Visitor: 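Before I ask anything, let me first share the structure, which is written out below as structure tokens.
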Number of protein chains: 2
Amino acid sequence: MDDSVDRHIARWRGKAPFDERVEAIVTRMQFLVKHLAQAKDGALAAVGLQDFEYETLHWLGARGEGGRATPSELAAELKVSPAGMTGRLDTLEKAGLVRRIRSAEDRRRVDVELTSEGRAIWLKAMDLRGEVEDAMVGVLGPDDQDVLAALLKRMLLRMENPGRA
Amino acid sequence: MDDSVDRHIARWRGKAPFDERVEAIVTRMQFLVKHLAQAKDGALAAVGLQDFEYETLHWLGARGEGGRATPSELAAELKVSPAGMTGRLDTLEKAGLVRRIRSAEDRRRVDVELTSEGRAIWLKAMDLRGEVEDAMVGVLGPDDQDVLAALLKRMLLRMENPGRA
DNA sequence: GGAAAGTATTTCGCCAGCGAAGCTTTCGTC
DNA sequence: GACGAAAGCTTCGCTGGCGAAATACTTTCC
């Protein structure tokens, strides 16, 4: 059984010099991520959240009880520009899910923390999002999942540490 | 050695009910795709192309010599909305890389084809893009690449055929 | 002690993409 | 053969994100 990427590659096999293996991997990852974003949008609508809002709450929530972090930390972790993070936080703050606190000892800095409402919605949203992700990853058994995770990690390490051999 | 996803997961282990394996896989794919887009933007600048332009040329080029396809076919293949595809084609047509031809037998339809200039730039861009992708996927040996491609394909098949068991 | 360099965040102008509405052409049916 | 439904593409209004400049505060260096 072929997927859309197999068909794509077969169509120009021989027409251009290319590494089919690399192309297949990269294109499939792009499509999976896109599919996932679209599927999650639908699921998250049930709690009135968009994908980017969930993602931000999620990394804040991971920070622990207070759920504190500075905008620049979040921007770096989520691979978004600082300006983009300001926009996300504006939205979340307006919705009352997040609170900005100017730091006392260094007043250039801002700390962001989840409100209790933000935490509650985050927890609800995790279930919904989990179902969509499980539907995708669940086709693989636990062992295959471990293999996949390890392979992805090796690539991500390379991207996050360009200097490394 | 941990990547940013390991650190993220470790930080909220036990704080919320969650499948760590699934989370690790999904988040890593998202980051890899994002990293890749950012890295490719830089590389493609050398031929004055943006990522979405390259992607569109690439799927058109795969169609063969004339490089023909209708906007709706491309939109479906590239997982973009029809409106989005109109925008992409506008840009490419203005740049002279692509040509729109109203179909004679069904005048609702439009055929899109690469101009010779479009094909030339596409071929140049493929090299640049290939280097960036190789740098990422190249950490894996050929066998690992095959394993990875196969695992991704199983997931993508599921996403593209929701009915299937 | 005060200017200059540096750091953290926000503002501004712009762009690609989405959903919904609109336009044109074709098909199905009576 | 005419008329309503459907197909194919585009236009419109809006939104999230980016890069660059602006703002606000801190540290360094003479």
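Protein chains get the first letters and strands the later ones, always in sequence-line order, with residue 1 at the start of each. Please read all numbers here as calculations on a predicted model, not as lab measurements.
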Visitor: Can you see which heavy atom on A:Arg107 is nearest to which on A:Arg102, and at what distance?
Guide: O-NE, 3.2 Å
Visitor: Could you give the NZ-to-P distance, from A:Lys94 to D:dT15, as a whole number of Å?
Guide: 10 Å
Visitor: Between B:Glu160 (side chain) and B:Leu157 (backbone), is there a donor-acceptor pair under 3.5 Å?
Guide: no
Visitor: Spell out protein contact along nucleotides 14-21 of chain C as letters: B when the base is contacted, S when just the sugar-phosphate is, - when no protein heavy atom is under 4.0 Å; keep the 5' to 3' order.
Guide: --SSBB--
Visitor: If only atom types and distance count, is the side chain of A:Lys40 paired as donor or acceptor with the main-chain N or O of A:Leu128 below 3.5 Å?
Guide: no
Visitor: Please report the distance, rounded to the nearest Å, between CG in B:Asp106 and C1' in C:dT24.
Guide: 11 Å
Visitor: Do any side-chain atoms of residues 26-37 of chain A form donor-acceptor pairs under 3.5 angstrom with protein atoms, and if so which ones, sequence neighbours left out?
Guide:
from: A:Thr27; atom 1: OG1; to: A:Glu23; atom 2: O; distance (Å): 2.8
from: A:Arg28; atom 1: NE; to: A:Asp3; atom 2: OD2; distance (Å): 2.5
from: A:Arg28; atom 1: NH1; to: B:Ala149; atom 2: O; distance (Å): 3.4
from: A:Arg28; atom 1: NH2; to: A:Asp3; atom 2: OD1; distance (Å): 3.2
from: A:Arg28; atom 1: NH2; to: A:Asp3; atom 2: OD2; distance (Å): 3.3
from: A:Arg28; atom 1: NH2; to: A:Asp6; atom 2: OD1; distance (Å): 3.0

Visitor: Taking only side-chain nitrogens and oxygens of A:Arg100, does any of them come within less than 4.0 Å of OP1 or OP2 of C:dT10?
Guide: yes
Visitor: Nearest of C:dT10, D:dG8, C:dT9 to any side-chain atom of A:Thr70?
Guide: C:dT9
Visitor: Looking at every strand, decide which applies to B:Glu73 at a 4.0 Å heavy-atom threshold: base, sugar-phosphate, or nothing.
Guide: nothing
Visitor: Identify the residue among A:Arg68, A:Arg100, A:Arg119 that makes a side chain to side chain donor-acceptor pair (under 3.5 Å) with A:Glu113.
Guide: A:Arg68
Visitor: Does C:dC23 have OP1 or OP2 sitting under 4.0 Å from an N or O in the side chain of B:Arg108?
Guide: no
Visitor: Nearest whole angstrom, please: distance from the P of C:dA8 to the CZ of A:Arg68.
Guide: 17 Å
Visitor: Ignoring the backbone of B:Arg107, work out which of C:dT10, C:dT25, D:dT26 is nearest its side chain.
Guide: C:dT25
Visitor: For residues A:Ala43 and A:Val132, report the shortest heavy-atom separation together with the two atoms involved.
Guide: CB-CG2, 3.7 Å
